[in-house]
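Take a look at the structure set out below.
Every chain is numbered from 1, with letters handed out A, B, ... down the list of sequences.
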2 protein chains.
Amino acid sequence: MKSDKAKAMNKKNFYALHSDVCKTLANPKRQEILDNLREREMSVNELVEKTGISQANLSQHLSILRTKRIVSTRRDGINVYYTITNPKIIAAFDLISDVLDESVTSQTEAIREGMNSKR
Amino acid sequence: MKSDKAKAMNKKNFYALHSDVCKTLANPKRQEILDNLREREMSVNELVEKTGISQANLSQHLSILRTKRIVSTRRDGINVYYTITNPKIIAAFDLISDVLDESVTSQTEAIREGMNSKR
DNA sequence: ATCATGTATAATAATGTTCGAATATTATAA
DNA sequence: TTATAATATTCGAACATTATTATACATGAT
């Protein structure tokens, strides 16, 4: 049986974990990396070519994604191949696309509605 | 008909928008605020009491959420009530919980598997 | 061994985020 | 009007994130 204080601590901790996942996704380059990995694994070099991000910077971002277990690696000889570990990340990605769509739509509507009113 | 360069620009822009949404969610206090607003609207004061976050700081976070159109406001006399604008944000929240669950599970399994091997 | 290729890490400067403190705004009541 | 309660904004210091540069490490070939 947990105290209310303990429960509150658990919640705070939960929010911290939650925001940690979001932090990992909260970068355009990491979004681009994940979008590139969505249907197939890729080596770092392939990712460099696809994205135009410098090798060092890409490696740093991949390191962040690895640490948070969002991507996994497989070495084949000299190359290291990256895959998405948990497909739910892809679902989250797509959900955010939906939110974006609706956000853009509602902004467009707001502008339309505002057209005839004084500013 | 768009050039490949234009397409790439669109993509980069898309990733920027995507990460912007994630950035907004990438803070434990904002996660806590959203979790509190998930079934009903609340005034700022109620949120202060529920969360223990200072009024000024709460107001700052609410301002960020407002700007990104993740929450909406309604004024009633002296109080301002906040609601979640787009229910898909809640879906995203829950999806992240799932990812967390599985991440914890897989880590536990990894530890179990590692138990009998040398370190 | 040396070399070439692919990948990872460290150090640093620039930029962005967060929180507390003080102050401003808004609406209502007296 | 003045006072009060609820909310919002501004500023600055502390801290975190990012991209670049240089360097290190790992693998396979010679």
For [X] and [N], give me the distance from atom [atom1] to atom [atom2], rounded to whole Å.
X: Asn27(A); N: dA16(D); atom1: CG; atom2: P; answer: 18 Å
X: Leu58(B); N: dA6(D); atom1: CG; atom2: C1'; answer: 12 Å
X: Arg74(B); N: dA27(C); atom1: CZ; atom2: P; answer: 15 Å
X: Leu47(B); N: dA8(D); atom1: CG; atom2: P; answer: 10 Å
X: Leu25(A); N: dT17(D); atom1: CG; atom2: P; answer: 14 Å
X: Leu65(A); N: dT18(D); atom1: CG; atom2: P; answer: 11 Å
X: Met42(B); N: dA6(D); atom1: CE; atom2: P; answer: 16 Å
X: Lys29(B); N: dA16(D); atom1: NZ; atom2: P; answer: 14 Å

Distance col, row Tyr15(A):OH vs Thr51(B):OG1, nearest 0.5 angstrom, shows 9.5 Å
* Using a distance-only test with no angle check, is there a side-chain donor-acceptor pair under 3.5 angstrom linking Tyr82(A) and Arg66(A)? -> yes
### Task
For Thr85(A) and Ser72(A), test the side chains for any donor-to-acceptor distance below 3.5 angstrom and give the result as yes or no.
yes
side-chain N/O His61(A) vs dA19(D) OP1/OP2, d < 4.0 Å = yes
Margin query: It should be established whether Lys23(B) places a side-chain nitrogen or oxygen under 4.0 Å from OP1 or OP2 of nucleotide dG16(C).
Written below: no
Practice task
Specify whether Phe93(B) and His18(A) have parallel, tilted or perpendicular ring planes, treating 30° as the upper limit for parallel and 60° as the lower limit for perpendicular.
Solution key: tilted
Scoring nucleotides 7-14 of chain C by protein non-hydrogen atoms under 4.0 Å (B base, S sugar-phosphate only, - none) yields BBBBB---
For the pair Arg30(A) (side chain) and Glu32(A) (backbone), establish whether a donor and an acceptor sit closer than 3.5 Å, ignoring hydrogens and angles.
no
For Tyr81(B), the ring pair (Phe, Tyr, Trp, His ring centres under 6.0 Å) test, sequence neighbours excluded, returns none
